[in-house]
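Numbered from 1 within each chain, the chains take letters A, B, ... in sequence-line order.
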Amino acid sequence: MTDRLLDIFNCLLQRFGPQHWWPAETPFEVIVGAILTQNTNWKNVEKAIINLRQADMLCLHGIHQLETGKLEALIRPSGFFRQKAARLHSFIGLIMNRFDGDLDRLLALPVGELRKTLLEQPGIGPETADSIILYAADKPSFVVDAYTQRIFSRVGLLSGRIEYDRTRALFMENLPRQTELYNEYHALIVRLAKMHCRKRQPLCSDCPLLAVCKYGQTACQGLTGP
DNA sequence: GCCCAGGTGGGTA
DNA sequence: TACCCACATGGG
């Protein structure tokens, strides 16, 4: 299993190269982006991030002091703005109340404890929690998204019920616990998925997996199927 | 006008 | 457990 997972990883890396995720300046910005991008196109998230930056509010204390209505107005382009404003304020409340306003103290927790703490916060589910651990705390926690589940089911590496934690375990139990590897792997899967989304083709002719490894055809079907 | 995007949580059976 | 639905904007 380890060899198969690394085989696919190398195919993607060879085709696309390093993705240099997460596209953010600081750990705090990673967290803001992770919440804002829930069920939302990243382009829309970027608009909200730009609004926050231009208002000089893209920081812990900035958002903390911002009235809910004003925060909602700034992040409106990212959609679900009422929910997301509440989630941002709630998350910052955690840092203020339990970590003395010091984000680094939260991120310094051991992975298991950090993940548990994150999952207890309203609006932080498994994907958002793992994104924060991997891309903000720089610790190994594999990020699973809908595409990951579909691709790896279709190529036959996942069987039975498709569940977040089972998919995550497939990677974490079969790959070395390396932050950089998890980082690139998830980013490359998203990169592959975006290529298919743009083209909207049932099967692609230039899929990197199709070109360089035996999983190509089924992976492509996995991307576009139900 | 319709579909989708780097999800989450509450309700119901 | 397994669905169903609300949440909302912007691009193709």
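One interatomic measurement links the two molecules: CZ of A:Phe80 to P of B:dT8, which rounds to 12 Å at whole-angstrom precision. Atom OH of A:Tyr164 and atom C1' of B:dG9 are 16 Å apart (whole Å). Remark: P of B:dG7 and CZ of A:Arg150 are 12 Å apart, rounded to the nearest angstrom. Following rounding to the nearest Å, A:Asn41 (CG) and C:dG12 (P) show an atom-to-atom distance of 9 Å. In this structure, the CG atom of A:Asp130 is 13 Å from the P atom of B:dG7, given to the nearest Å. For the pair A:Ile132 CD1 and B:dT8 P, the interatomic distance rounds to 10 Å; values are reported in whole Å. In this entry the distance linking CG of A:Asn39 with P of C:dA8 reads 12 Å, nearest Å. Summarising the geometry, the separation between CD1 on A:Ile35 and P on B:dG7 is reported as 14 Å, rounded to the nearest angstrom.
Put simply, the side chain of A:Glu184 gets close to the backbone of A:Gln19: a donor and an acceptor are under 3.5 Å apart. Under a 3.5 Å cut-off, the side chain of A:Asn183 and the backbone N or O of A:Thr179 do not form any donor-acceptor pair. Put simply, the side chain of A:Thr2 gets close to the backbone of A:Asn174: a donor and an acceptor are under 3.5 Å apart. Between the side chain of A:Asn41 and the backbone N or O of A:Lys43 there is at least one donor-acceptor pair closer than 3.5 Å. In this structure, the side chain of A:Thr37 does not engage the main chain of A:Gly33 through any donor-acceptor pair within 3.5 Å. Within the 3.5 Å criterion, the main-chain N or O of A:Trp21 finds no donor-acceptor partner in the side chain of A:Tyr135. In this structure, A:Thr117 contributes its side chain and A:Glu113 its backbone to a donor-acceptor pair below 3.5 Å. A donor-acceptor contact shorter than 3.5 Å is absent between the side chain of A:Lys47 and the backbone of A:Arg76.
Put simply, the side chain of A:Phe91 does not reach to within 4.5 Å of the side chain of A:Pro122, judged on heavy atoms.
Residues from residues 165-185 of chain A that place a heavy atom under 4.0 Å from any atom of DNA chain B: there are none. Shown for residues 114-124 of chain A: residues whose heavy atoms fall under 4.0 angstrom of DNA chain B, namely A:Gln121, A:Pro122, A:Gly123, A:Ile124. If you check residues 82-89 of chain A against DNA chain B, the residues with a heavy atom closer than 4.0 Å are A:Gln83, A:Arg87, listed by number. At a non-hydrogen distance threshold of 4.0 Å, A:Trp42 from residues 42-58 of chain A come into contact with DNA chain B.
Checking B:dG7, B:dA5, C:dA8 against the side-chain heavy atoms of A:Thr128 singles out B:dG7 as nearest. Minimum atom distance to the side chain of A:Phe81 is reached by C:dT9, of the listed C:dC7, C:dT9, C:dA2. Closest approach to the A:Pro126 side chain among B:dT8, C:dT9, C:dA8 is made by B:dT8 (side chain taken as heavy atoms from C-beta onward).
The shortest distance between the side-chain N/O atoms of A:Tyr147 and the OP1/OP2 oxygens of B:dA5 is below 4.0 Å.
Judged as a side chain to side chain donor-acceptor pair (under 3.5 Å), and not counting sequence neighbours, the contacts of A:Glu120 are A:Lys116. Shown here are the side chain to side chain donor-acceptor pair (under 3.5 Å) partners of A:Glu173, two or more places apart in sequence or in another chain: there are none. Residues meeting the side chain to side chain contact (heavy atoms under 4.5 Å, CB included) test with A:Glu25, sequence neighbours left out: A:Glu29, A:Arg53. Scanning for ring pair (Phe, Tyr, Trp, His ring centres under 6.0 Å) contacts around A:Phe142 gives A:Phe171, A:Tyr182, A:Tyr185, with sequence neighbours left out. In this structure A:Asp145 satisfies the side chain to side chain contact (heavy atoms under 4.5 Å, CB included) test together with A:Glu127, A:Tyr147, A:Thr148, A:His186, A:Ile189, A:Val190, sequence neighbours excluded. Looking at residues two or more places apart in sequence or on another chain, you find a side chain to side chain donor-acceptor pair (under 3.5 Å) between A:Glu163 and A:Arg161.
Comparing A:Thr40 and A:Arg161, the nucleotide of DNA chain C nearest to each residue sits closer to the 5' end for A:Arg161.
Using P as the reference atom, C:dA8 and B:dG10 are 15 Å apart when rounded to the nearest Å.
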List the atom pairs, with distances to 0.1 Å, where a side-chain N or O of residues 81-89 of chain A and a protein N or O form a donor-acceptor pair under 3.5 Å, not counting sequence neighbours.
unit_1	atom_1	unit_2	atom_2	d
A:Gln83	OE1	A:Arg87	NH2	3.1
A:Lys84	NZ	A:Leu36	O	2.6
A:Lys84	NZ	A:Gln38	O	3.2
A:Lys84	NZ	A:Thr40	OG1	2.8
A:Lys84	NZ	A:Ser78	O	3.0
A:Arg87	NH1	A:Gln38	OE1	2.6
A:His89	NE2	A:Ile63	O	2.9
A:His89	NE2	A:Leu66	O	3.1

Could you write out DNA chain C as dot-bracket? Rules: Watson-Crick or G-U wobble, both distances under 3.5 Å, brackets [ ] for crossings, | for pairs with another strand, dot for unpaired.
|||||||.||||

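Sparse packing is recorded around CG of A:Asp56, with 12 or fewer heavy atoms of other residues, nucleotides or ligands lying under 6.0 Å away.
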